[in-house]
Amino acid sequence: MGFIVVLVAALTGTVLVVGFYALGLKMLVRAGRVPVVIPAAFTDAITVLTPAEIKSAAKKAAKAARKNPLTPMQKRVALIAAYCCFTVCGLAILFGIYLIVPALHGG
């Protein structure tokens with residue numbers, strides 16, 4: 001029975017973190033702040049992007065941000081919603097750490 005409880009808790013936590021993170025990214029894009037991450041250069045990297053490809057991706061992100069049909073107020077609300085989603089993710093992770101480390105809750 002203990003295994004089932006741990007399984008359900010792990011799945012619930014995973015769905016919560018991944019769901020809110022995805023929703024936060026969606027709201028961030030809606031707010032006109034498309035995250036463009038320049039990949040790090042690793043010696044064993046699976047995909048290596050050239051500087052031209054990185055520049056092209058940044059240009060496409062900027063173009064998408066300019067074409068956003070939302071009003072400035074709607075963008076601000078979407079940005080606040082994105083930050084709230086990321087906060088929920090962080091709190092869920094901290095709560096998981098709290099549950100895992102017995103010294104934190106006297107167990």
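Everything numeric in this text was worked out from a predicted model, so none of it was measured. When a residue number appears, it is its place in the shown sequence, counting from 1.
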Peer 1: Return each pair, listed once, that meets ring-ring contact (aromatic ring centres under 6.0 Å, His included) where at least one residue sits in residues 62-81; pairs must be two or more places apart or across chains.
Peer 2: none
Peer 1: Only counting residues at least two apart or in another chain, list the ones meeting side-chain contact (heavy atoms from CB on, under 4.5 Å) with Val6.
Peer 2: none
Peer 1: Identify every side-chain donor-acceptor pair in residues 73-90 under 3.5 Å, counting partners at least two apart or on other chains, and give the distances.
Peer 2:
residue : atom : partner : partner atom : Å
Gln74   : OE1  : Thr71   : N            : 3.0
Gln74   : OE1  : Thr71   : OG1          : 3.4
Thr87   : OG1  : Tyr83   : O            : 2.7

Peer 1: Extract all donor-acceptor atom pairs below 3.5 Å that involve side chains of residues 10-27 and protein atoms in other chains or at least two apart in sequence.
Peer 2:
residue : atom : partner : partner atom : Å
Thr12   : OG1  : Val8    : O            : 2.7
Thr14   : OG1  : Ala10   : O            : 2.7

Peer 1: With sequence neighbours excluded, what pairs up with Leu94 under the side-chain contact (heavy atoms from CB on, under 4.5 Å) test?
Peer 2: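 Leu94 satisfies side-chain contact (heavy atoms from CB on, under 4.5 Å) with no residue once adjacent residues are dropped.
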Peer 1: Taking ring-ring contact (aromatic ring centres under 6.0 Å, His included) as the cut-off, I'd like each qualifying pair that reaches into residues 49-75, sequence neighbours left out, listed once.
Peer 2: none
Peer 1: Mind checking side-chain contact (heavy atoms from CB on, under 4.5 Å) for Leu99 and listing every partner two or more places apart, or none if nothing turns up?
Peer 2: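 Partners of Leu99 under the side-chain contact (heavy atoms from CB on, under 4.5 Å) test: Phe95.
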